[in-house]
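Below: the structure, in structure tokens.
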2 protein chains.
Amino acid sequence: MAQLSSVYRRLEEGAKRLTPQRELIIKLFIDRPGQHLSAEEVHQLVRREFRDIGMATVYRTLELLTRLDILQQIHFNDGRARYEINLETTDVHRHHHMVCVRCHRVEEFQEDLLEQLEERLLAERGFRVVDHELKFYGTCRQCARKQQGGRRRS
Amino acid sequence: MAQLSSVYRRLEEGAKRLTPQRELIIKLFIDRPGQHLSAEEVHQLVRREFRDIGMATVYRTLELLTRLDILQQIHFNDGRARYEINLETTDVHRHHHMVCVRCHRVEEFQEDLLEQLEERLLAERGFRVVDHELKFYGTCRQCARKQQGGRRRS
DNA sequence: ATACGTGCAAAGCCTTTGCAGGTGA
DNA sequence: TCACCTGCAAAGGCTTTGCACGTAT
């Protein structure tokens, strides 16, 4: 798979070894595109296949993969970092998040309307953007339906 | 001052007492519009006038004021929460942040281009936005100049 | 009297680090 | 050999909580 080999290439470029623990963590993210896993969740999932992996290894691996640009760290203001994979097909800079404040599920959307704004920030304020994040907090369709049902009853 | 009385009104509506500690913390934010203070910074600043205030009181007050919508909590991914005041003149939803990754200063900008996008998210995906945050990370004008100077020298 | 507010210390969470013991090149 | 990697336990940093003591209403 092209995406996998690109991940391994990036690992090699970082002069790092592909240990079983690291491979399992990478596979986890490849098997779940579009998911945003916390360190705790990664630990739980990997432990199904590698019982003795420690949290320190998980954190060190997540840090390494983030540094190699294989993962991206995201904060959704719930006090813990989450990670998602950076496949070559994924343009990180045109991909943002909708966080449901009820079920905490995260949806994504593509949008490039920030580019013109970034150009204006450079021209008008001298601020050169290297990264950005846009997050919407609200209620997703499913939770809106549930909420509506609850209100009817009361 | 109209802004001050609005803050006090919101405190009363919350059925909360205006203690000297709380008043000092509120004044801190009113005297520094546009600043984004961490709990530690608030503690340091208030201690100049109220030596014995404890961190717990600072945290409890910041939590209270956030709940009363007098302050707003913000995360800039540096591992600590920051707070800014919500004056009635400030439209929280059209005010975003540019975070300099070198000097860590935060600038603000006004922009309302998100509204049409929010309408589309509701229409196309059923997601009803209640809050959003847009942050740009990059280098500010001053740091860009310093950097340029350094490069010329090397 | 009673509910509220405070400072202090302890505990909680998430995350990082030190260390001794492996393992691959 | 030697650099790298790991699990465990301990420590760090930010934040919350328990508690006994005050203080307003």
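Order of the sequence lines sets the chain letters (A, B, ...), proteins ahead of strands, with each chain counted from 1.
D/dC5 atom C1' lies 11 Å from atom CZ of A/Phe50, rounded to whole Å. Rounded to whole Å, atom P of D/dA9 lies 17 Å from atom OH of A/Tyr59. Here the C1' atom of nucleotide D/dC14 and the CG atom of B/Leu37 are 16 Å apart, to the nearest Å. Rounded to a whole Å, the CZ atom of A/Arg17 is 7 Å from the P atom of C/dA25. Taking atom CD on A/Glu40 and atom P on C/dC13, their separation rounds to 11 Å, with Å as the unit. The NE2-C1' distance, from B/His75 to C/dC14, rounds to 14 Å in whole Å. Summarising the geometry, the separation between OH on B/Tyr83 and P on D/dT15 is reported as 6 Å, rounded to the nearest angstrom. Going from atom CG of B/Asp78 over to atom P of D/dG12 covers 20 Å, rounded to whole Å.
Considering CG of A/Leu62 and OG of A/Ser38, their distance stands at 9.0 Å, rounded to 0.5 Å.
Under the 4.5 Å side-chain criterion, counting only non-hydrogen atoms from C-beta, A/Leu71 is in contact with A/Phe29.
When heavy atoms are screened at a 4.0 angstrom cut-off, A/Arg60 is found touching base atoms of the nucleic acid.
Projected onto DNA chain C by closest heavy-atom contact, A/Gln73 and B/Gly54 fall at different nucleotides, the more 5' of which corresponds to B/Gly54.
Checked against the 6.0 Å centroid threshold, A/Phe76 and A/Tyr137 do not count as a close aromatic pair.
Ring geometry for A/His132 against A/His96 counts as tilted: the plane angle lies between 30° and 60°, on a 0 to 90° scale.
Between A/Arg22 and D/dC5 there is a side-chain N or O to OP1 or OP2 distance below 4.0 Å. Within the 4.0 Å cut-off from OP1 or OP2 of C/dT6, at least one side-chain nitrogen or oxygen of B/Thr19 is found.
When the nucleotides D/dC5, C/dG5, C/dC8 are ranked by their closest atom to the side chain of B/Ala56, C/dC8 comes out on top. Of the candidate nucleotides C/dG5, D/dT6, D/dT15, D/dT6 has the atom lying nearest to any side-chain atom of A/Gln21.
A donor-acceptor distance shorter than 3.5 angstrom exists from the side chain of B/His43 to the backbone of B/Ile53, with no hydrogens or angles considered.
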